[in-house]
Protein chains: 2
Amino acid sequence: MTDDRIMTIREMCDSYDVTPRTLRFYEAKELLFPIREGQKRLFTKRDRARLKLILRGKRFGFSLEEIRQLLDLYHMGDQQQTQLARTYEIAQQRLSDMEEQRDELNQAIDELKEQMRWGEKMLASMDQAKKAAE
Amino acid sequence: MTDDRIMTIREMCDSYDVTPRTLRFYEAKELLFPIREGQKRLFTKRDRARLKLILRGKRFGFSLEEIRQLLDLYHMGDQQQTQLARTYEIAQQRLSDMEEQRDELNQAIDELKEQMRWGEKMLASMDQAKKAAE
DNA sequence: CGTCTGAGTTACGTCAACGTAAATTCCCAT
DNA sequence: ATGGGAATTTACGTTGACGTAACTCAGACG
C-alpha cells in the first residue's frame with residue numbers, strides 16, 4: 001500500500017506541478033486538510049484525491065468556492081439530509097450550466113471554423129495577387 | 001433599415017444588460033468605437049455586432065485581450081498579409097484550445113452525472129431511514 | 001433663471017487566486 | 001555550536017474587469 005503514503009509539501013508540488021504557496025492557500029480556504037506534524041504539513045491520499053479534483057475543476061472555470069461545494073458532495077458522509085440535498089441542487093444547477101456552455105462552445109467553434117475558411121481564401125487570393133505582381 | 005439605427009449608451013445598456021461603465025471600459029480598451037458626437041457616445045450597428053461577440057466570448061472564458069484579437073479577425077479588411085496570417089495562427093491555436101476544453105468538459109459532465117446518481121441513492125436511502133424512524 | 005436629469009471624466013476601491021519578500025524556526029551534518 | 005537548506009508565518013503586491021464616489025457639464029422644463 002504505497003498508495004496511502006504520506007507526502008511532504010515538496011513531493012506534492014513536484015507530483016502535481018503546483019507551488020507551496022498554492023497548497024497552503026488551499027488549506028487556508030479549507031479545500032485541503034493536511035496533517036500538521038509539529039510545523040510540517042503531511043498530505044494524505046485523501047488530500048491528493050481532493051487536489052486532483054481541484055485542478056480539474058479549475059481547468060473548466062470553476063471558482064475555488066464552487067469547487068469546495070463540489071468536494072463536499074464527493075466526500076459527504078453522515079451529514080444532515082437538508083445540507084446534502086442543498087449541495088445536490090447546486091451540483092444540478094452547475095451541471096446544466098456546463099451543458100449549456102458546452103453547446104455554446106460547440107456553436108462558437110463552428111462559427112470560428114467558418115470564419116477561418118474566409119481568412120484562408122483571403123490569404124490565398126492575396127498570395128496570388130502577390131505572385132502576379134512579380 | 002431600422003437595423004443600422006444609432007443607439008445611445010442607455011439604449012445599449014438596456015438592450016444588452018451591461019452598465020455604462022462597462023461600455024466606456026470596452027471603448028478604453030479599444031473593443032468598441034462609438035461615434036463621439038460632442039460629448040455623447042453613439043453606438044452603431046457595428047458596435048452592437050462587436051458587443052454581442054464580446055459577451056459571447058466572455059461566456060466561455062476568453063479574456064478581453066483575446067477577444068480583441070478575435071474581433072480583429074472578424075473585421076479584418078485590407079490589412080497586411082503578415083498581420084492577417086499572424087492573427088489566423090492565433091485563431092487556430094484558440095480553436096484547438098476550445099476543442100480540448102470542450103472534450104474535458106464533456107468528460108467532466110459524465111463524471112459529475114455519475115457522482116450525482118450516487119448522491120441520488122444516498123438521498124433516497126436517508127429518506128427511507130427517516131420515515132422508518134417516525 | 002434655477003434645477004433636475006443623464007452623460008461624462010477622474011480616480012480610487014474591490015475581489016479572486018495566488019506571487020513574492022522578509023523574518024523566523026527546525027533539523028542535520030560538519 | 002554553527003552554518004546550510006527546507007518549511008512556515010506574516011503581510012504586502014499583482015492582474016483583470018469592472019464598481020463606485022465625486023465632481024463637471026449640457027440640455028430640457030416649468
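Quick note on labels: first sequence line is chain A, next is B, and so on, each numbered from 1. Quick caveat, the model's predicted, so the values are computed rather than measured.
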Within less than 4.0 Å of OP1 or OP2 of D:dA17, is there a side-chain N or O belonging to B:Tyr26? no
To the nearest angstrom, how far is B:Leu42 atom CG from C:dG8 atom P? 9 Å
Check the pair A:Glu27 / A:Arg24 against salt bridge (Lys or Arg N to Asp or Glu O under 4.0 Å), numbers first and verdict last. CA-CA 5 Å; A:Glu27 182 186 6; A:Arg24 296 189 196 110; over 6 Å; no
Side-chain touch A:Phe43/A:Leu51, heavy atoms, less than 4.5 angstrom: no
Considering only heavy side-chain atoms of B:Arg36, the closest of D:dC18, C:dT9, D:dT9 is C:dT9
Tell me the interatomic distance from B:Leu55, atom CG, to D:dA17, atom P, rounded to whole angstroms. 13 Å
Once you round it to whole Å, what is the distance between P of C:dG13 and CZ of B:Phe25? 17 Å
Residue closer to the 5' end of DNA chain D, B:Leu64 versus A:Glu11 (nearest nucleotide): A:Glu11
Would you mind reading off the distance between B:Glu27 atom CD and C:dA7 atom P, rounded to a whole angstrom? 15 Å
How is A:Arg41 classified with respect to the nucleic acid when contacts are heavy atoms under 4.0 Å: base, sugar-phosphate, or nothing? sugar-phosphate
Taking the side chain as C-beta and beyond, is there a heavy-atom pair between B:Lys58 and B:Leu64 under 4.5 Å? yes
Sole candidate of A:Leu71, A:Leu23, A:Asp47 that passes side chain to side chain contact (heavy atoms under 4.5 Å, CB included) when paired with A:Leu31: A:Leu71
Is there side-chain contact between B:Pro20 and B:Met12, with at least one heavy-atom pair below 4.5 Å? no
Looking only at side-chain N and O atoms, does A:Thr19 come under 4.0 Å of OP1 or OP2 in C:dC18? no
Would you tell me if any nitrogen or oxygen in the side chain of A:Thr22 comes within less than 4.0 Å of OP1 or OP2 on C:dA17? no
Taken to the nearest whole Å, CD/B:Glu65 to C1'/D:dA17 is 13 Å
Integer-rounded Å distance: C:dA7 C1' and B:Ile35 CD1: 17 Å
Considering only side-chain heavy atoms of B:Lys58, which listed nucleotide, D:dA7, D:dA17, D:dG19, is closest? D:dA17
In whole angstroms, the gap separating C1' of C:dT9 from CG of B:Leu23 amounts to 16 Å
Rounded to whole angstroms, how far apart are CZ on A:Arg10 and C1' on C:dC26? 17 Å
Of the listed nucleotides (D:dA11, D:dT8, D:dG19), which one gets closest to any side-chain atom of A:Gln39? D:dT8
I'd like to know if B:Arg24 reaches the base of C:dT9 with its side chain such that a donor and an acceptor end up less than 3.5 angstrom apart. no
Between C:dA17, D:dC18, C:dA7, which nucleotide gets closest to the side-chain atoms of B:Ile9? C:dA7
Heavy atoms from C-beta onward define the side chain here; which of D:dA7, C:dT20, D:dC18 lies closest to that of A:Arg21? C:dT20
